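Structure first, then comments.
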Protein chains: 2
Amino acid sequence: MYYIRPMKKKTAVSSAGGWTDTETSAWIGLVRAQQYLIGAVEDALRAKGLPPLPWYDFLWELDRAPGGNLRLNEIGRRVLLDKYNVTRLSQRLEKEGLVRRVPCAQDGRGIFAHITPGGRRLRKKMWPVYERAVKEHFLSKLGKEDIARIDKLMRRIREESGP
Amino acid sequence: MYYIRPMKKKTAVSSAGGWTDTETSAWIGLVRAQQYLIGAVEDALRAKGLPPLPWYDFLWELDRAPGGNLRLNEIGRRVLLDKYNVTRLSQRLEKEGLVRRVPCAQDGRGIFAHITPGGRRLRKKMWPVYERAVKEHFLSKLGKEDIARIDKLMRRIREESGP
DNA sequence: TTCCCATCGTTGCATTCGCAACCAGGATGT
DNA sequence: ACATCCTGGTTGCGAATGCAACGATGGGAA
């Protein structure tokens, strides 16, 4: 396997080619675990005829936000979606009557997404399904301290690195 | 916030509606961290004009496999891809000359994906970029024991739950 | 054998995503 | 004022994805 085979001389390019088995395993484990978890949640939602996860995330952010509205901008930052995706997701949600898109008065460029009662209802209906899936596939498999550890570690990963 | 507000009576439906803050935070943290990491790796690959991550995963599995070939079936299981995606990804890779798809003699239904020299070359070319990104955004932010812990925890998550 | 069911892989169609180009509105500098 | 750059959001188009339906083979059971 490539990542085990010793590089010739010191190392080839700038990439130091050698990971420990644990590093490799941890990385792949993290990626696959999350793929698996997301998949499980999406399956659960689909099985109940509910919309996919990004809808939930979007609505949740609005539902939590004071006033039930946020700039598209801000939503994208929070749910890690590129701006074109935010635009289009918000348009789809609007077409379903879950959200209203209203231009921002202070900033002529801005658009607010404003959750509607129907939007709040849908989110509330999705939550038990979402919750059950996460509990079954994630929370139930770990102890209290494990969860706390994951919380801490994941937070560390997302911290900014550079200046 | 929904997940904090106490449910009326014991609990509504089968979904016990209350998570602790840590649970919520750990779940969201995990999902977002992984989104962020995958995004970073994909960005790095794209910046170098290299193909996206699923290509790498696919080729890697083949490259590791003895004989350089696997059933589509098996690849899907390993990289957590639905079968239609495996079919189409393998077709794309074949079109690029990175893989050959050959029918399985023993099982008339099966198809082997067989990595070509070009496939191995490409994978090897992608690796340094992949590695550098993971190192920068993931490994470098954690200590040795953290990595070991993540390895253990993620493994636990993917373990089968019940028969 | 024949019938039935599960598995492996493919495909059509609709939805979604990725990318690059674009427009409009703000901010900054002169 | 003006030129310039940055940011917020949109859109066209090509690629990838999800879903459901399909054909084909294999493995039993009767």
Side-chain angles (χ1 to χ4, degrees), chain A residues 35-36 38-58 61-62 69-96 98-114, chain B residues 35-36 38-59 62 69-96 98-114:
Chain A
Q35 263 178 293
Y36 159 75
I38 294 287
V41 174
E42 296 264 26
D43 285 350
L45 289 171
R46 197 169 29 240
K48 297 278 184 190
L50 294 168
L53 237 155
W55 289 40
Y56 185 88
D57 285 348
F58 194 107
E61 291 295 346
L62 288 182
N69 64 77
L70 286 172
R71 292 279 297 267
L72 293 192
N73 187 359
E74 178 60 18
I75 301 179
R77 213 184 49 71
R78 298 197 189 185
V79 299
L80 260 38
L81 241 57
D82 309 82
K83 48 187 189 173
Y84 36 88
N85 273 329
V86 178
T87 294
R88 296 207 255 229
L89 179 50
S90 72
Q91 289 170 342
R92 270 173 256 153
L93 295 179
E94 184 172 48
K95 196 171 310 183
E96 301 293 330
L98 305 168
V99 148
R100 267 180 322 131
R101 292 155 35 88
V102 3
C104 171
Q106 296 76 30
D107 186 338
R109 301 164 291 182
I111 301 277
F112 275 108
H114 194 298
Chain B
Q35 265 179 292
Y36 159 75
I38 294 287
V41 173
E42 295 264 25
D43 286 351
L45 289 171
R46 200 168 28 241
K48 297 280 184 185
L50 293 168
L53 237 156
W55 288 39
Y56 185 87
D57 285 348
F58 194 108
L59 292 175
L62 288 182
N69 64 78
L70 286 172
R71 291 279 296 269
L72 293 192
N73 187 3
E74 179 59 20
I75 300 179
R77 212 184 50 71
R78 298 197 188 184
V79 301
L80 258 38
L81 241 57
D82 309 82
K83 47 187 188 170
Y84 34 88
N85 272 330
V86 178
T87 294
R88 295 208 256 229
L89 179 51
S90 70
Q91 290 170 342
R92 269 172 259 151
L93 295 179
E94 183 172 48
K95 197 173 309 185
E96 299 295 330
L98 305 168
V99 149
R100 267 179 322 133
R101 291 155 37 87
V102 3
C104 170
Q106 297 76 29
D107 185 337
R109 301 165 292 182
I111 301 278
F112 275 108
H114 194 298

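Both backbone and side-chain heavy atoms feed into the values below; hydrogens, waters and symmetry mates do not. Predicted model only: the values in this text are computed from it and were never measured. Proteins get letters first, then strands, A, B, ... in listed order; numbering begins at 1 in each.
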Residue pair A/Trp55, A/Leu98: steps toward the side-chain contact (heavy atoms from CB on, under 4.5 Å) verdict: CA-CA 10 Å; A/Trp55 289 40; A/Leu98 305 168; 3.7 Å; yes
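- What separates CZ of A/Phe58 from P of C/dC17 is a distance of 12 Å, to the nearest Å.
- Residue A/Gln91 has a polar side-chain atom (N or O) positioned under 4.0 Å from OP1 or OP2 of D/dT11.
- Mapping A/Trp55 and A/Tyr84 onto DNA chain C by nearest heavy atom places A/Trp55 closer to the 5' end of the strand.
- When rounded to the nearest whole Å, the span between CG of B/Asp82 and C1' of C/dG9 equals 13 Å.
- Contact check, A/Thr87 against D/dT10: a side-chain N or O comes under 4.0 Å of OP1 or OP2.
- Within 4.0 Å (heavy atoms only), A/Arg77 reaches no atom of the nucleic acid at all.
- D/dT11 atom P lies 12 Å from atom CG of A/Leu72, rounded to whole Å.
- Proximity of B/Arg109 to the phosphate of D/dG23: no side-chain N or O atom is located under 4.0 Å from OP1 or OP2.
- In this entry the distance linking CG of A/Asn73 with P of D/dG8 reads 4 Å, nearest Å.
- OP1 or OP2 of D/dT10 sits under 4.0 Å from a side-chain N or O of A/Arg101.
- Ionic pairing of B/Glu96 and B/Arg92 is not present here: no N-O contact between side-chain nitrogen and carboxylate oxygen is shorter than 4.0 angstrom.
- Checking the phosphate oxygens (OP1, OP2) of C/dG18, a side-chain nitrogen or oxygen of A/Asn85 falls inside 4.0 Å.
- Nearer to the 5' terminus of DNA chain D, by closest-nucleotide assignment, is the contact made by A/Arg71 (compared with the other of A/Arg71 and A/Arg46).
- Residues B/Gln35 and A/Val79 form no side-chain contact, since every pair of their non-hydrogen atoms from C-beta on lies 4.5 Å or further apart.
- Contact check, B/Arg92 against D/dG14: no side-chain N or O comes under 4.0 Å of OP1 or OP2.
- Following rounding to the nearest Å, A/Leu89 (CG) and D/dT11 (P) show an atom-to-atom distance of 15 Å.
- Here D/dT17 presents its C1' atom at 16 Å from CG of A/Leu53, a figure rounded to the nearest Å.
- Under 4.0 angstrom from either OP1 or OP2 of D/dT17 there lies no side-chain N or O belonging to B/Arg88.
- In this structure, B/Lys83 atom NZ and D/dA21 atom P are separated by 13 Å, rounded to whole Å.
- Of all heavy-atom pairs between B/Pro103 and B/Ile111, the closest is CA-CD1, 4.1 Å.
- Nearest approach of A/Leu53 to A/Leu45, heavy atoms of both residues: N-CD1, 4.0 Å.
- The CG-P distance, from B/Leu81 to C/dC8, rounds to 16 Å in whole Å.
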